[in-house]
Amino acid sequence: MTAPGYAELHCLSNFSFLKGASHPEELVSRAADLGYEALALTDECSVAGVVRAHQAARDRGLKLIVGTELALDDGPRLVCLAQDRQGYARLCRLITRGRRTAPKGQYRLLKEDCSDGLPGCLVLWLPGPEPCLVQGRWIAETFPGRAWIAVELLATGEDRARLEALMAAGRALDMPATAAGDVHMHVRGRRRLQDALTGIRLNTPLHRIGRALFPSGERHLRSRGRLGAIYPRTLLEASLDIARRCRFGLDEIRYRYPSELVPRGETPTSWLAELVRRGMASRWPNGAPAEVAGAVQRELALIAELEYEPYFLTVHDIVRHARSLGILCQGRGSAANSAVCFCLGITEVDPARMSVLFERFISRERDEPPDIDVDFEHERREEVIQYIYGKYGRQRAALAATVITYRPRSALRDLGKALGFSALQVDALARAVQWWDGKSIDAGRIREAGFDPANPRVGRLMSLTNELVGFPRHLSQHVGGFVIAEGLLEELVPVENAAMAERTVIQWDKDDLEALGLIKVDVLGLGMLSALRRAFDLVEGFRGRRLTLATVPPEDAAVYDMICEADTMGVFQIESRAQMAMLPRLKPRCYYDLVIEVAIIRPGPIQGDMVHPYLRRRAGEEPVTYPSEEVRQVLARTLGVPIFQEQVMQLAVVAAGFSPGEADALRRAMAAWRRKGGLGPFEERLIGGMRRRGYDEGFARQVFDQIMGFGEYGFPESHSASFALLVYVSAWLKRHEPAAFLCALLNSQPMGFYAPSQLVQDARRHGVEVRPVSAAASAFDSSLEPGADSEPAVRLGLRLVRGLSEAGARRTEDACRQRRFHDVNDLVRRAKLDRADLAALANAGALADLAGHRHRARWAVAGVEPSRPLLEDAPVREGLPMLRPPGEGRDIVADYRSLGLTLGRHPMALLRQRLADEGVISSSELAAVPHGVRVRYAGLVVNRQRPGSARGVTFVTLEDETGHANIIVWRDLAETQRRPLLGSRLLEVSGQVQREGPVIHLVAERLRDRSRLLGSLDVRSRDFH
Amino acid sequence: MSRSAASLPLFDTASPGEGEHREACAPRVPERGPRRRELWLCLLFPRLPLETRSGGEADAMPLVIVENDGTVLMASGPAEDAGIGPGLPLNAAWALCPALVARERDEPAEQAALERLAAWSGRFTSLVHLAGPDALLLEIGRSLRLFGGCGALVGRLRRRLVATGHEVVTGVAPTPLAALWLARAGDETALEDPETLPDRLGRLSVAVTGWPKRTRETLSGLGVDRLADCLRLPRDGFARRLGHGCLVDLDRALGRLPDPRPGFRAPERYAGIRELTSETADLALLGRVADRLFGELEGFLRARQASVDRLLLKFGHLGREATPLVLGLARPDFRAAHFSVLLAERLQRVVLPAPVVSVTLKARPSEGLCPAAAEMFEAPGVMDDSAFRLVERLRARLGREAVHGLALVDEHRPELAWQVTEPGRGPMPAASGRPRRPCWLLSSPRRLVCRDGRPWLDGPLVLESGPERMETGWWDDGEVSRDYWIMRDGDGIRLWVFRERHRSGGWFLHGIFA
């Protein structure tokens, strides 16, 4: 007897969070193995997993049905299956309704929500333990001819009675029945994980859950033979009949961009051309250069051919609106660096500046949707987002989702709780996970965590953790990927509430969107844009000259001189330690050099070993050669070394004979291979293809290794080109308007690599006068005041004062602007400050002008009683206390504590004599030490870094009163001297000086924690007065 | 007018002058009078949190006690050597010392330990006061003659305390607060002369007061680091800024205000527990841990001049019932050394079913011991319920253990789906929605023979219904994986039979339906 045919119509994946115990792909693959005719993925009020299932089903040739399981608040539980496109749209609307009317992660649906009968959907009734005929009748009447009773026999001991009861109900209601499985896992082996998920969901340890757990592992995809033994043949055939009636597949989804941006009487093509013409006229009032005009024509023709006009119009509209609000923005991405986008104002990168071919980014053959990410000022991005919601409505615009998945640590934590471990025990085990190879944990680690390694509870926990890692945990919102539709979005994909109020997300993430060919616009926030806009405002306020991204004087030699010396603290992108180490060697002299600089100091190129070949070729130490003319075309601009993601894809096309579509698949695989593997097939095709075209094995192997290195870090030229503009503009400001630049950075914190303390010290070393925070002179923000030689000086703002409320700071600013304060009481009265605000000001030394030294100021503010307004004219008369003024060291400590910086002497300056006596040198002395010499150096620990690409090396930046020193700590030393390395505030390093050109590192051989000296600073400083 | 009268009850009536050097907080002439000469001994147990959670073996490993906020409260010696100290976030501590063991603070346990220590110290004085989480204050003024002076008393007390395994810092002063503050400062030199109080206290850091962190930060922000600096500030201004309580503290410490302290009353029975840092089967270690409990017990017994004839020890395990161990004494005794010898003998014969995580000791002084029979009828007789009386009578006849109630437990596994309770008590979840279960469940499943692949019990069994599949319980070593069937035997009796899904796949009889 052959096994009967079957289609599983009721199946939950792990996108029914904490219920389903298998990935959608696993379910599809298992169903295909078992020879099921179809599988319906019916996650609870969700379709978040269907795109993954759809892709897997396409690969396996299995029919996938889209559906959902729903529990109506006032009615029965059902499964709805989409029969056709209309039914799918109805299903999405229903899910949206359920999700939008409930808090995030929950849903709420009533019978009346289905009162139209859900046209286009088939319905399975999931009766309770006692089938309720009232509910059954409602179903039969609401979904006439489209409803079945789901008979789910799960070996409860009552299967026969259950079957009889349901068949009787079916006869009474005249409703047919079908077999179904209430599947929660693809194989029985996931039973333990399913139990554990239940424990996590109910937030109860397993031993206390009792019968809320499933009694057995029957809820898996069972073999057709077994099903045949359990179910009457007619019920199994019914499942096939239902599956055949569901004709909808996700391939049918077609998506259209909003069309309302085109005025009446225009077509998208004509309107885009018109906007570009206007933009061109304003960019080049005297007429555009011929080659730009030609490029615009070619690009417009390509856009028209691919029908991408609405996309460009949409991005243009968003950018135009942001600009009207005075929000600085800059586009990047494959389509952004085009003449059209420059004319539309989407980018400020002048196409004349880097002769970038648009076709490099968008190609006819590659049928790949255009990609434009737009960065906005990070503090004002929300205004842009609200504009999009306002313009298109929440029915048509929503953010893409991000699927948050379990990582080893979160998995261990949740499972540990479910298995009855205490929070501390789980924490201890979580630490052991750091050394976990994914299978078993070293017994020693487990003993350290306080467990007997033979304890079976620990073993169970570890193996479950292994299974849970990678499971989706919940949907979150993508950082800024907007999907905007011409019609109702909720007929395309369900929309649900995000954690943030006023935010909605769709149930698909960016990979899902890409897989279905849907387009999104990324609306991102970038701190540097906030800083640049502020700097432009400050310069205009002080000098009356308005700068913009496009009008900052280009290709200024002094700016490149500064960059070549790595004098780039605060400059966008090239301020990191790795970048600073590279600048003096790369010596950028033009805009395109910056484009390369931004892209080359990334983990991808570093691991692919592209940095040194490029440097050698640039320095003329190695000839620039190309294996063929085609390769020269691709690599000429980077001296024959592939640096950008686009180049790798082009190489695959011109050298290995990939089709554009295959090249795109390669790009995706590159992005994912570290997580999923799967570069293997490409390896053979790439290397084989290149060899067949006459390239030698070495070259082919090298290209492939570089692709591997790129991994998920590969950086596209199209992004780099846009970032390079911000690099140049911020460098120009640092060079020519350092006070405004410092001020803008301070007002845009937190951002960048450096804290205000380093930025202020750097600016002062460049001759900028910085004035202290004062309640009697500072505004909320740092500001520019006239200084010496009619150059601006920076007055630090009240926003730097820790513990001062923004409202209090603003009132202080307003009151001070009206009239100078004459003492602390006057300040309290007019700025209406509470005790906490006052204490914050006193701690910051901001009352020095009003109350004297910090001890006096604190005594004064501690005695203020703001709640007695009637007595304000009768100040408290009390004895003056005997208070010593704080010493210099104590003041410096207080400065750091309250402001994070000091304008007094650097703490190291106070220790200098003592350190010098011990033979410890300063940063300025270090700069003159020749290569290979051993020295001792000490400084405040500013920064510790352990980049993943650096094979266990720790980089430490130390600071003293004369500058910085870069320390390299090899892994062995870091292990043996963990305590000084991690615990020091003041670190002394003995080591060897390493010079590579103008770059100096100190390679540590011994570390010593000298933090105690900072403590004794306090004590000794008392001797000063 | 600017001062509220309430803020200045102690204001020095000298003119509220402007002078910078007015020393209003400074000590006034101490009150003279026929006051009884008090002397206070403070016993400060600085490592109590560590000691209660490590079985007294804290320094055997890098161990920290963690506060609720995830920061280190206290570190053992090896942990301190690794650079770990109070206030450090646990993650940072782990970064410094990967082998670090962390335990949550257990404040009730500390309190219990402190109370045991209070009971223990009752033999040195009649007034013991519990002063905060880690200190005891003993009024020893009246005990001095008995013990031969302050030095002798303290010395003897310290020697005795060694047996309990607790580390102590002492402070001696005429006022309780001064004694406490000296102990916190680690200044163990006895201060018996009240005249030297202001000078000695003035040298102490403000930190010893235990004033709220905010207050101490305020003082530090004013450059006030020592109590002498405090005493120099104007009283009115000081009270306005730092609150009245601090001023009262200063006055009490200096003996300018009375500071009565309520005494501690020791409980009737002794009950002590020591937790271990990790599971262990090391009998020598368990012996050491128990010895410290015996040390406490001896102090407890000495304080009440009593002895015991029976000790109950319990060895706690992770995730299972504790192992009890009763030490019966041939005749009542109170000496720790004696208990220790007894236990050592017993431990050699004990087989522990699992590693141990805690040791508990309970004992009751022999005066309070009642005959077991008497206790049986001590149960509350107020209940005028005939069922209850029946239970009482049955129990009187059959013995207490022979009569009990039953309750359902929310659990799939039949063996665990019920429990024994006190008659008439215990949770009784609704039986509805439960699958059919037999009235009589065998205490353990009985293997059935199998003939022709079918179970056999005095004849072939006839299948009636099933299967009910049960796969659960994997998390506690009681995993079951069975298919249950209802079957009839030759007499038509319905039996509850299962087949193991794994291993031998054998058939078992598990219950009989009525």
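Values in this document were obtained by computation on a predicted structure and should not be read as measured data. The chains referred to below are lettered A, B, ... by the order of the sequence lines, with proteins before strands, and numbering in each begins at 1.
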> How long is the span from the OG1 atom in Thr472(B) to the CZ atom in Arg192(A), to the nearest 0.5 Å?
Replying inline: 10.5 Å
>> If the threshold is 4.0 Å, N to carboxylate O, is there a salt bridge linking Arg897(A) and Glu217(B)?
In response: no
> Where does Pro215(A) contact chain B at under 4.5 Å (heavy atoms): side chain, backbone, both or neither?
Replying inline: both
> Is a side-chain N or O of Arg191(A) found less than 3.5 angstrom from the main chain of Glu471(B), in a donor-acceptor match?
Replying inline: yes
> Which one, Arg460(A), His853(A), Glu158(A), leads in non-hydrogen pairs under 4.5 Å with chain B?
Replying inline: Arg460(A)
> In terms of heavy-atom proximity below 4.5 Å to chain B, should Leu206(A) be classed as side chain, backbone, both, or neither?
Replying inline: both
> Which heavy atom in Gly157(A) sits nearest to a heavy atom in Ser465(B), and how many Å separate them?
Replying inline: O-OG, 4.5 Å
> Just how far is it from atom CD of Glu411(B) to atom CD1 of Ile209(A), taken to the nearest 0.5 Å?
Replying inline: 10.5 Å
> For Phe214(A) and His412(B), which heavy atoms make the closest approach, and how far apart are they?
Replying inline: C-NE2, 3.8 Å
> Which atoms form the tightest heavy-atom contact between Trp474(B) and Ala196(A), and what is the distance?
Replying inline: CZ2-N, 4.3 Å
> About how many Å separate CD of Glu468(B) and CG of Leu154(A), when rounded to the nearest 0.5 Å?
Replying inline: 12.0 Å
>> Between Arg188(A) and chain B, with a heavy-atom cut-off of 4.5 Å, which part of the residue counts as in contact: side chain, backbone, both or neither?
In response: side chain
>> For His855(A) versus Gly221(B), what's the shortest heavy-atom pair and its separation?
In response: CD2-O, 2.8 Å
> Got a sec, which residues hit side-chain contact (heavy atoms from CB on, under 4.5 Å) with Met61(B), two or more places apart in sequence or on another chain?
Replying inline: Leu63(B), Val101(B), Thr277(B)
>> Quick check on Arg226(A): does its CZ atom have over 12 non-hydrogen neighbours (other residues, nucleotides or ligands) under 6.0 Å away?
In response: yes
>> For Leu464(A), which atoms come within 4.5 Å of any heavy atom of chain B: side chain, backbone, both, or neither?
In response: side chain
> Considering only heavy atoms, which portion of Asp483(B) lies under 4.5 Å from any heavy atom of chain A: side chain, backbone, both, or neither?
Replying inline: neither
> Atom CG of Leu416(B) and atom NE2 of His207(A): how far apart are they, to the nearest 0.5 Å?
Replying inline: 12.0 Å
> Between Leu883(A) and Leu222(B), what is the shortest heavy-atom contact and its length?
Replying inline: CD2-O, 3.3 Å
> Based on non-hydrogen pairs under 4.5 Å, which of Leu213(A), Leu419(A), Asp159(A) is most in contact with chain B?
Replying inline: Leu213(A)
>> Under 4.5 Å from any heavy atom of chain B, what part of Arg160(A) do you find: side chain, backbone, both or neither?
In response: side chain
>> Please find the pair of heavy atoms, one from Trp859(A) and one from Phe238(B), that lie closest to each other, and give the distance.
In response: CH2-N, 4.0 Å
> Any chance CZ of Arg190(A) has more than 12 other-residue heavy atoms, nucleotides or ligands included, within less than 6.0 Å?
Replying inline: yes
